[in-house]
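Everything numeric in this text was worked out from a predicted model, so none of it was measured. Throughout, protein chains are lettered first and strands after them, A, B, ... in sequence-line order, and every chain is numbered starting at 1.
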There are 2 protein chains.
Amino acid sequence: MGDTSGAGEPTLEEQIAAYQREFQDLDPQVEKIVSALSRLNRRMNVAYGRQTAALGIGNTDWEVLKALVLSGAPYRLGPGDLAKRLGLTPAAMTHRIDRMVTEGLVTRERDESNRVRVIVELTAEGREKWLEAMRLATVFEEDLLQDLSPEDRTALGEVLTRLLRRVEHAQPDAGGRLSDLD
Amino acid sequence: MGDTSGAGEPTLEEQIAAYQREFQDLDPQVEKIVSALSRLNRRMNVAYGRQTAALGIGNTDWEVLKALVLSGAPYRLGPGDLAKRLGLTPAAMTHRIDRMVTEGLVTRERDESNRVRVIVELTAEGREKWLEAMRLATVFEEDLLQDLSPEDRTALGEVLTRLLRRVEHAQPDAGGRLSDLD
DNA sequence: GCTGAAGACTTAGAAGCTAAAATTCGAAGG
DNA sequence: CCTTCGAATTTTAGCTTCTAAGTCTTCAGC
């Protein structure tokens with residue numbers, strides 16, 4: 001069923017053996033995939049977390065930067081919009097924006113054409129931080145996949161998207177926000 | 001660089017296109033793997049979270065149950081040990097154990113042979129909850145992997161463990177505790 | 001018997017989140 | 001023109017879970 005965390009961790013093989021000992025019905029092949037996937041993801045998140053921390057931004061900031069950049073130029077969204085994309089309540093968004101404004105990553109201003117609305121816009125510094133984080137991330141990712149041939153990579157991408165389609169179909173847009181950093 | 005969360009989420013393809021638009025140096029093949037992996041993991045965590053919630057236990061409880069079960073019969077560990085395995089401070093462990101004792105999932109008693117130590121022991125109910133969660137999880141996992149042939153499964157397990165070995169070697173036992181539910 | 005170290009617990013405080021109330025503005029109807 | 005409703009945001013209060021630092025208890029060596 002995957003993995004948990006941290007130091008003093010058993011190896012993948014040890015853990016699967018323990019699972020089999022405690023739960024007879026376990027398919028070790030399935031468990032291997034699921035546990036490896038989970039561990040891999042955690043390690044990646046640790047790496048990303050370090051990189052963004054090195055840039056002086058937190059994981060919560062990172063999520064907002066990403067949403068704004070992916071929305072495309074001119075990199076503007078309302079708090080409500082952002083909240084929807086990130087799966088948060090509007091109140092939580094207000095707090096994040098407060099922090100990020102003081103950090104200089106975004107600006108907040110009222111929309112002059114409809115003064116109920118607020119516009120959150122990426123600053124040049126915010127965009128630069130995002131780009132820098134992406135540069136670090138791609139180095140890490142390239143290193144991670146270093147041993148895989150182009151064919152291996154294609155095959156892996158295919159399998160994973162196949163699995164993803166399956167979950168997304170079964171669990172259409174869950175909206176859950178159970179951790180995830182990238 | 002992976003994915004974030006929730007509702008109103010773009011499709012994987014849309015997101016990769018947006019990344020390429022905003023960051024020219026991106027290798028779409030790499031990004032596809034990384035993003036699919038991240039999304040897949042998040043969906044799995046959402047599913048696990050629902051299942052454990054349905055059993056009336058939280059994600060934090062689940063981690064402790066798992067550590068105890070995996071330690072093997074008689075399912076006893078000290079708070080300090082548990083804290084190390086879960087990557088928490090001892091203080092955080094104290095709070096978790098408090099809660100879980102009132103929930104009837106574990107018992108806490110002093111070790112009579114060395115009264116400085118405390119022994120946390122899984123109750124029958126705690127063990128039963130763990131087993132039930134595992135049953136639900138395996139159903140979900142089997143469904144997830146349904147379309148993969150045994151050969152596909154073996155291949156996927158191999159590739160993932162290969163990647164995992166690579167990260168674990170580069171990042172030996174980071175101890176990080178940046179989210180993860182399983 | 002005293003002292004030091006180890007282990008667990010307590011307290012204080014930080015980071016994030018939610019829910020619900022308050023605020024502000026625009027739009028529609030009398 | 002004024003009023004009222006509704007939408008979007010912010011404020012307030014409180015929850016959960018974590019860390020850091022200090023305290024208490026107990027064992028072990030001198």
Side-chain angles (χ1 to χ4, degrees), chain A residues 4-8 45-46 49 52-53 56-64 76-103 106-121 175-181, chain B residues 4-8 46 49 52-53 56-64 76-103 105-121 175-181:
Chain A
T4 301
S5 148
N45 285 342
V46 169
T52 52
I57 62 183
N59 303 319
T60 62
D61 296 342
W62 167 253
E63 291 185 334
V64 178
R76 298 157 147 252
L77 289 173
D81 247 352
L82 277 168
K84 248 178 227 117
R85 298 193 191 217
L86 300 186
L88 299 175
T89 59
M93 227 23 253
T94 295
H95 297 316
R96 286 200 186 188
I97 295 167
D98 286 348
R99 189 175 357 103
M100 293 179 71
V101 167
T102 71
E103 290 168 346
V106 299
T107 59
R108 168 162 42 191
E109 56 187 87
R110 301 211 88 89
D111 181 346
E112 285 308 324
S113 71
N114 179 346
R115 301 183 43 77
V116 176
R117 290 174 181 283
V118 168
I119 297 176
V120 177
E121 180 172 342
R177 135 132 231 97
L178 294 180
S179 91
D180 223 335
L181 311 161
Chain B
T4 300
S5 150
V46 168
T52 52
I57 61 182
N59 302 320
T60 62
D61 296 343
W62 167 253
E63 291 185 334
V64 178
R76 299 157 146 251
L77 288 173
D81 246 351
L82 277 168
K84 248 177 228 121
R85 298 193 190 217
L86 300 186
L88 300 175
T89 59
M93 236 9 263
T94 295
H95 297 316
R96 285 200 187 187
I97 294 167
D98 286 349
R99 188 174 359 101
M100 293 179 71
V101 167
T102 71
E103 291 167 346
L105 300 173
V106 300
T107 58
R108 169 162 40 191
E109 55 187 87
R110 302 210 86 89
D111 181 345
E112 285 308 324
S113 71
N114 178 347
R115 300 182 43 76
V116 175
R117 290 174 182 283
V118 168
I119 296 177
V120 177
E121 180 170 344
R177 134 132 233 98
L178 294 180
S179 90
D180 222 336
L181 311 162

Could you tell me the separation between the [atom1] atom of [X] and the [atom2] atom of [N], rounded to a whole number of Å?
{"X": "B:Asp98", "N": "C:dA8", "atom1": "CG", "atom2": "C1'", "value": "11 Å"}
{"X": "A:Arg115", "N": "D:dT10", "atom1": "CZ", "atom2": "P", "value": "13 Å"}
{"X": "A:Leu82", "N": "C:dG16", "atom1": "CG", "atom2": "P", "value": "16 Å"}
{"X": "B:Asp111", "N": "C:dA8", "atom1": "CG", "atom2": "P", "value": "10 Å"}
{"X": "B:Leu88", "N": "D:dT17", "atom1": "CG", "atom2": "C1'", "value": "10 Å"}
{"X": "A:Leu86", "N": "C:dT18", "atom1": "CG", "atom2": "P", "value": "11 Å"}
{"X": "A:Arg117", "N": "C:dG26", "atom1": "CZ", "atom2": "C1'", "value": "11 Å"}
{"X": "A:Ile97", "N": "D:dA8", "atom1": "CD1", "atom2": "P", "value": "15 Å"}

Where do B:Arg110 and B:Arg115 come nearest, in terms of heavy atoms and distance?
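Heavy atoms only, the tightest pair is NE-O, 2.9 Å.
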Considering all heavy atoms, the nearest A:Val118-A:Pro79 contact
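Where A:Val118 meets A:Pro79 most closely, the heavy atoms are O-CD, 3.4 Å.
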Looking at [options], which one has an atom nearest to any side-chain atom of [X]?
{"X": "B:Val116", "options": "C:dA6, C:dG16, D:dT9", "result": "C:dA6"}
{"X": "A:Thr89", "options": "D:dT9, C:dC25, C:dA19", "result": "C:dA19"}
{"X": "B:Thr60", "options": "D:dC18, C:dG16, C:dA8", "result": "D:dC18"}
{"X": "B:Val118", "options": "D:dT9, C:dC9, C:dC17", "result": "C:dC9"}
{"X": "A:His95", "options": "D:dT12, D:dT17, C:dG16", "result": "D:dT12"}
{"X": "B:Ala91", "options": "C:dA19, D:dC18, D:dT19", "result": "D:dT19"}

Does A:Asp98 reach the side chain of A:Thr102, with side-chain heavy atoms less than 4.5 Å apart?
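Side chain of A:Asp98 against side chain of A:Thr102, heavy atoms only: no contact under 4.5 Å found.
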Side chains of A:Arg96 and A:Glu63, heavy atoms from C-beta outward: is any pair under 4.5 Å?
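Side-chain contact under 4.5 Å: yes.
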Using a 4.0 Å heavy-atom cut-off, does [X] contact any base of the nucleic acid, only the sugar-phosphate backbone, or nothing at all?
{"X": "B:Pro79", "answer": "sugar-phosphate"}
{"X": "B:Arg99", "answer": "sugar-phosphate"}
{"X": "B:Arg108", "answer": "sugar-phosphate"}

Under-4.0 Å side-chain N/O to phosphate OP1/OP2 contact, B:Arg110 with D:dT26
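Answer is no, no contact under 4.0 Å.
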Using side-chain contact (heavy atoms from CB on, under 4.5 Å) as the criterion, point out the one residue from B:Arg99, B:Met93, B:His95, B:Met100 that pairs with B:Ile97.
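Exactly one candidate clears the test, B:Met93.
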Let me spell it out: for each of A:Ala92 and B:Gly80, pick the nucleotide of DNA chain C with the closest heavy atom. Which residue's pick is nearer the 5' end?
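Per heavy-atom nearest nucleotide, the more 5' residue is B:Gly80.
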